[in-house]
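Remarks on the structure that follows.
The basis for the numbers below is simple: all heavy atoms, side chains too, and nothing from hydrogens, waters or symmetry mates.
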Amino acid sequence: MEKTIQTDSGIVIAPVYSQPVAMEEQPGSFPYTRGIHATMYRDKLWTMRQYAGFSTAEESNKRYHYLLSQGVMGLSVAFDLPTQIGYDSDHPMSEGEVGKVGVAIDSLEDMEILFKDISLEQISTSMTINATGFILLALYIALAKKQGADLKKISGTIQNDILKEYAARGTFIYPPKPSMRVITDIFAYCSKEVPKWNTISISGYHIREAGANAVQELAFTLANGKAYLKAALDVGLDINVFAKRLSFFFNAHNHLFEEVAKFRAARRMWAHITQSLGATDPKAQMLRFHTQTGGSTLTAQQPHNNIVRVAIQTLAATMGGTQSLHTNGYDEALSLPTEEAARIALRTQQIVGYESGVADTVDPLAGSFYVEALTNEVESKAWELINKIDAMGGAVSAIEQGFVQDEIARSAYRYQQEIENNEKIIIGVNKFTAADQAAPEVFRIDDSIRVIQSERLKSLRERRNNAAVQQSLARIREAANGSENLMPLVVAAVEHLATLGEIADVLREVWGEYK
């Protein structure tokens, strides 16, 4: 009996594919299966980003300057957990976490240090931040104004995808309804004030990291995207305007062909979703996405094997048509990446971009009977899940009912069972293991960072105009109880040196916390 081989999503792989494939679609044309640009990387490579941020703003600024000197085209900021969930560094809840998984940002003064000698008009910045994304965007805008930048020219992305936090990652603060209100406030504000800014990066990355397979990652991400489109339409925004500033953030795993198929299917599906909701402008129908190589695929055992994994995932992302890419350091299963690991990760992208030939032609795997069939099958299975979610009332309702969380948990459990039963081979973990493994150098963050940040906050509160701060916080409280757009008020508050925690706490008082 012939062995059955499946992808992680349960798609059975045939031993050979020979079915004729219709190839009328062209890159740059609806529904964009083959890419959103007619020439793709022949004219311009994807943006090479490296996700970085740790310790204090000073230390992160040094890493950014190093990465820029090594050929990074855009910055990607990692924030520590207190910043992500709206606590200042001196808050009791912040103890033990300040500067650990990202940089600590409490105020506009921290933001100035973070981007010291970096022109915000000249670079594109991605910020992985959700519950407090609106505050970090306000800080970035306030800094751009201080630099004298033209706000119409500054570009970048805030992740700002709260639905996947409820489903997969957990760094939420407020209940779903006010959280969605903040997101639509950002859409409306940015469309007028910072029109080149991508106002949301709808993230499948963390859904996949939580244990979803490729089909689930695709389906749940696009279902969340539909929910954001509908929320914006419900408050009267024009889909042909705001949908142009939506972007996506996907994971790249080791199954090269399923990942390429996933990216191709994602573009086609999103084109039909936006069209069905009234988008007529081609740019509003295009799915633009950033990719990060899969953190959960990295192993602490034989960590240098991860360099090869990251290279395969880089090929998947680029052959799948990504617009920007972050490659993980080989040591990230152990700690934050060392400078050496960050450099190798960047060089991986550069070698693929400049030496491999991947960039020479558009959609290089198009026409492969296998890839075309896999693209169709991934799409079909993803639509099945989206239709189930729609029947429940949409993504918000499906998350509230626990459907998405249960599906991810089942997938994660099944995958771990396959590893433990040796049905799924992980090199260095359950096959080709090594008894003697030298522990590589790891990057540690000192707990003294909290003391430094706390002293900085104490000084800030003594020097600033506290009456102006309280007045600006009162305006935010008033708007949160009503319907006025919060973004201009938050920008004004951070310009008066209100802290991230103070702004987040005002909204905690009004909206409560989601449990």
Let me confirm one number: the [atom1]-[atom2] distance from [X] to [Y], rounded to the nearest 0.5 Å.
{"X": "Y64", "Y": "L75", "atom1": "OH", "atom2": "CG", "value": "6.5 Å"}
{"X": "K196", "Y": "K153", "atom1": "NZ", "atom2": "NZ", "value": "8.5 Å"}
{"X": "I135", "Y": "I129", "atom1": "CD1", "atom2": "CD1", "value": "8.5 Å"}
{"X": "T291", "Y": "W46", "atom1": "OG1", "atom2": "CH2", "value": "10.5 Å"}
{"X": "H272", "Y": "Q285", "atom1": "NE2", "atom2": "CD", "value": "9.5 Å"}
{"X": "N213", "Y": "E258", "atom1": "CG", "atom2": "CD", "value": "7.0 Å"}

In terms of the angle between their ring planes, are [X] and [Y] parallel, tilted or perpendicular, with boundaries placed at 30° and 60°?
{"X": "W270", "Y": "F248", "value": "perpendicular"}
{"X": "F242", "Y": "F187", "value": "parallel"}
{"X": "H290", "Y": "F249", "value": "tilted"}

Would you call [X] and [Y] a side-chain contact if the rule is heavy atoms closer than 4.5 Å?
{"X": "M127", "Y": "N160", "result": "no"}
{"X": "I186", "Y": "W197", "result": "no"}
{"X": "L67", "Y": "R49", "result": "no"}
{"X": "Y330", "Y": "V310", "result": "no"}
{"X": "P27", "Y": "H37", "result": "no"}
{"X": "F250", "Y": "T322", "result": "no"}
{"X": "L229", "Y": "L246", "result": "yes"}
{"X": "H65", "Y": "D117", "result": "yes"}

Without hydrogens or angle criteria, can the side chains of [X] and [Y] be said to hold a donor-acceptor pair below 3.5 Å?
{"X": "T125", "Y": "Y140", "value": "yes"}
{"X": "Q313", "Y": "N254", "value": "yes"}
{"X": "R169", "Y": "T171", "value": "yes"}
{"X": "H304", "Y": "N306", "value": "no"}
{"X": "S247", "Y": "N198", "value": "no"}

- Message: For the OH atom on Y413, are there more than 12 heavy atoms of other groups (residues, nucleotides or ligands in this structure) within a distance under 6.0 Å?
- Response: no
- Query: Counting heavy atoms not belonging to K192, are there more than 12 under 6.0 Å from its NZ?
  - Reply: no
Taking the basic N atoms (NZ, or NE/NH1/NH2) and the acidic carboxylate oxygens, is any pair closer than 4.0 Å for [X] and [Y]?
{"X": "D234", "Y": "K230", "result": "no"}
{"X": "E217", "Y": "R208", "result": "yes"}
{"X": "E407", "Y": "R410", "result": "yes"}

For [X] and [Y], work out which heavy atoms get closest and say how close.
{"X": "A214", "Y": "K262", "value": "O-CD, 3.8 Å"}
{"X": "T157", "Y": "S201", "value": "CG2-CB, 3.6 Å"}
{"X": "Y41", "Y": "G321", "value": "OH-C, 3.2 Å"}
{"X": "Q84", "Y": "F79", "value": "NE2-O, 2.8 Å"}
{"X": "S60", "Y": "L114", "value": "CB-CD1, 3.6 Å"}
{"X": "P337", "Y": "G329", "value": "CB-CA, 4.5 Å"}

Please check if the side chain of [X] supplies one atom and the backbone of [Y] the other of a donor-acceptor pair under 3.5 Å.
{"X": "N430", "Y": "I425", "result": "no"}
{"X": "Q405", "Y": "I399", "result": "yes"}
{"X": "T132", "Y": "T83", "result": "yes"}
{"X": "T297", "Y": "H253", "result": "no"}

- Message: Before you tell me yes or no, could you show the steps for T299 and R309 under side-chain hydrogen bond (donor to acceptor under 3.5 Å, both in side chains), namely the whole-Å CA-CA distance, both residues' side-chain angles and the distance that decides it to 0.1 Å?
- Response: CA-CA 10 Å; T299 63; R309 294 183 177 105; 3.3 Å; yes
- Per the side-chain hydrogen bond (donor to acceptor under 3.5 Å, both in side chains) rule, which among E379, E259, E372 passes with R264? E372
- Checking side-chain hydrogen bond (donor to acceptor under 3.5 Å, both in side chains) for the pair Q70/R347: CA distance, chi angles, key distance, verdict? CA-CA 9 Å; Q70 295 298 305; R347 293 291 182 257; 2.4 Å; yes
